[in-house]
Amino acid sequence: MKRKSLFPVLLFSLLLLLPGCGRQDSDGSMERADLQRTGVFAASPVAKLAEPSWRFQANGAVLTAPLVVDETVYFGSADGNFYAVDRGTGKQRWKFRAG
């Protein structure tokens with residue numbers, strides 16, 4: 001007779017014991033804000049958005065979210081390039097022809 005593994009049962013049981021697994025409220029750290037994934041955040045609206053401190057003109061659309069690491073903003077463009085831009089000034093540090 002073949003013994004069935006208890007590993008999946010034990011793993012599921014441990015996951016139930018993790019902090020926050022049974023919470024019904026959310027602090028916004030969950031994707032789309034709550035357990036129902038409504039995208040509604042319990043927060044006050046922003047009174048006025050600040051103007052951007054700089055703009056960068058690529059030769060194509062930027063269709064993805066940028067990645068910010070330290071003082072550099074990284075993003076790809078539909079022009080086939082991957083850019084690194086200074087976070088404070090918006091000046092191009094380098095670009096890589098990705099095709």
Residues Tyr83 and Asn59: closest non-hydrogen pair is OH-N, 4.1 Å
Heavy-atom closest contact (Ala84 atom, Thr72 atom, distance)
CB-CG2, 3.8 Å
For the pair Ser77 (side chain) and Ala58 (backbone), establish whether a donor and an acceptor sit closer than 3.5 Å, ignoring hydrogens and angles.
no
Taking a hydrophobic cluster as the set of Ile, Leu, Val, Met, Phe, Trp and Tyr residues connected by side-chain heavy atoms closer than 4.5 Å, whether directly or through intermediates, do Leu63 and Leu67 fall within one such cluster?
no
Rounded to the nearest 0.5 Å, how far apart are CZ of Phe75 and CZ of Phe56?
4.5 Å
In plain terms, say whether Lys91 and Asp86 are close enough for a salt bridge, that is, a side-chain N and a carboxylate O under 4.0 Å apart.
no
Set out, in order, the CA-CA distance, both residues' side-chain angles and the distance that settles side chain to side chain contact (heavy atoms under 4.5 Å, CB included) for Trp54 and Thr89, then state yes or no.
CA-CA 7 Å; Trp54 54 264; Thr89 65; 5.8 Å; no
Go through Val68 and Arg87 one step at a time and tell me if the side chain to side chain contact (heavy atoms under 4.5 Å, CB included) criterion holds.
CA-CA 8 Å; Val68 180; Arg87 180 180 180 181; 3.9 Å; yes
Closest non-hydrogen atoms of Glu71 and Arg93, given as atom of the first, atom of the second and distance, are O-NH2, 3.2 Å
Centre-to-centre under 6.0 Å for Phe82 and Phe96, is that the case here?
no
Within one Ile-Leu-Val-Met-Phe-Trp-Tyr cluster: Val85 and Val62, side-chain cutoff 4.5 Å:
yes
Could you tell me which non-hydrogen atom of Val73 sits nearest to which non-hydrogen atom of Pro66, and how far apart they are?
CG1-CB, 3.6 Å
